[in-house]
Each structure stands twice: as C-alpha cells, then as structure tokens.
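What follows is a set of notes on a single structure, which appears directly below.
When reading the values below, keep in mind they use all heavy atoms of this one structure, side chains included, and skip hydrogens, waters and symmetry mates. Read the numbers this way: they start at 1 and go in the same order the structure lists the ligands and their atoms.
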Amino acid sequence: MSFRFLHTTKLLKHENPLGLPKQSKNLPIKQRIANVNNIILVSSAKGGVGKSTVSINTALALNHLGKRSGILDADIFGPSIPKLMNLKGESRLSNTGKLLPMSNYGIQSMSMGYLVGDSQPIVWRGLMVMKALQQLLFDVEWAPLDYLVIDMPPGTGDTQLSIGQLLKIDGAIIVSTPQDIAMIDAVKGIVMFNKVNIPIIGLVENMSYFKCPNCNHESHIFKPGNLRMEKYGLETVASIPLNEEICLQSDKGKPVLVSKPDSEISKPYLEIARSIINFKK
Ligand code: ADP
C-alpha cells in the first residue's frame, strides 16, 4: 500500500502500543493536548446523521463568537473534514517533528485525510488504527486554542473508547436524528460516555424538521426525540432542520457558518457553540 505521506510509520517504533503512562488497572492516565484549553467531542453512535456537519459548523461558530477554535477529525477510516474545510494536500512537519495543522476559514484542522491520500482506502487492523489515532491526538502542534472540537468516528468501538480513556475531555455533544432507530444508538453513546466519566453538554437533534421554502410550514417528519432524552437528564441544545443549503454548501466545501454566517440556518450551530461556552463542568 503506498501512502503519499506516512508519518504513521514512525509510530511503529514504539514498544508500548499507545506509548502512554499507565495508571492502576492498566488504564492510561487521561491527558490534555498541548496548547488546547478545552476539548469537546462531537459524537453520534450512528453514521450519516450529520455529525461531521455539526462538528465543522460548531468549530466555525466558536470562532465566529471570538474563540480560537480547531477541529480534529478522529474518523480514521472516513475522514470528512478536508472536504468540509476545502483543504487538500499534506500536513507538514514542524521543527520539532510534530504535525502542523492545516488552516482555512480562521480555524485550524487535522485529519487522517492530510496524512494519507484521500482516494486511498484505509485497510488497517486495530493496532495501526490505534497508533494513527495516538499521533492525531498527541503529535500535532496546535497554535493555542480555546476549543478543540473532535469529530468522533461513528459507533462505540475501540477508537471511541480509547479517546475517552486517553484524553481529559471537557464535554461532549451527542448528535442524533429523531427516529427511534438513531436514538437507540445515541443512548448507547451516552452510556459509554458515562462509563468513562465524560460530561455530556447535550443533544443536538439534526434533520429535526423540514421547513417548506415556499410556504414556511414546518413539517416534523419524525416525532421529536427530545422528550425521550429527558430520562437521561439531557438537554436538547439545538434542533437543526433538514435543509438543502446545509448539504449544498457543505458539498462545496463552504459550510453554512462560512457561506451564510448571519442567516437563519446558521443559528442552531451558534446555539451549540454558546452552550459549549456556557457549559459548567
Ligand atoms: P456523519 O458525520 O454523521 O456521517 P455528515 O455530517 O457527513 O454525517 O452528513 C451526512 C450528509 O447529510 C451530508 O451530505 C451532509 O451535507 C448532510 N446533512 C447533514 N446535516 C444536514 C441537514 N441538517 N440538512 C440537510 N443535509 C444535512
């Protein structure tokens, strides 16, 4: 398999797979990321519910509200952030041998897509994935950040659990669509976060309703899911409609917070950013 850029080979030199100090019960000690004040996870237990779209627009919304923000794409197998950031090419190395984030639209970003060609399928087994993840988490030289938003891979597997165990997380946003089938998986994500002591800021209900562009009628295609979250003590921090512009602008690499920051459609993402800023741990 040929890679355009394979910093990950360096990680093979480590004897300890994750190369991290151990605490009791063989669990790694939770660490901070250098230069990052707050680490926020954006997670969905299911794929395709709009998690990356929420992640990027939230990072941009934090920047819009005056916070220094960055985004880390932790989806090793299906990185979406390079396309959403309209960035191509390879991440460079700093003088100290760390990966330098790539920037656009006023925010910094790092993704597996900057290390491996974007047309390359990644066919790694667990250990390689863990090493790549470790590099994305700890070998990036971020310029000082108030908030780093981590776009989590979907599911509740090894990668998600490792991030929860390796990093000291300040809060998590759970993204779901309102159907039962997505909410059931969202609950699994919540249970996992509770197990690894990650504070949950709240739920984002994506594709929550459809507003007709002709008559402005709001159609709640799926029944609202927020009521079902009450038993977990979770607040719905924003409801985002199913909206053509969100998809079109993302496909062009210009998320709505870049192309239409002051429009109605950007408001829910700004609400998410405000709930992150106001979150008391
Ligand atoms: P995930 O990260 O959960 O796999 P994505 O963020 O990649 O999901 O979104 C999947 C698709 O849905 C993308 O084409 C995206 O543009 C689109 N999408 C996300 N949120 C919305 C929305 N509220 N309205 C319309 N399209 C959306």
Q. How about Glu205 and Thr236: does a side-chain donor come under 3.5 Å of a side-chain acceptor?
A. no
Q | With sequence neighbours excluded, residues passing ring-ring contact (aromatic ring centres under 6.0 Å, His included) with Tyr105 | A | none
**Q.** Minimum-distance pair of heavy atoms, taken over all atoms of Arg32 and Lys168
**A.** NH1-O, 3.2 Å
Q. For ligand 1, what are the residues with a heavy-atom contact below 4.0 Å?
A. Gly47, Gly48, Val49, Gly50, Lys51, Ser52, Thr53, Asn206, Met207, Ile240, Pro241, Leu242, Asn243, Ile246, Cys247, Ser250
Q. Can you tell me if Glu141 and Thr96 form a side-chain donor-acceptor pair at under 3.5 Å?
A. yes
Q.
Using the rule side-chain contact (heavy atoms from CB on, under 4.5 Å), only one of Ile201, Val187, Ile200 pairs with Ile174; which is it?
A. Ile200
Q. Between Tyr114 and Ser109, do the side chains contain an N or O donor and an N or O acceptor separated by less than 3.5 Å?
A. yes
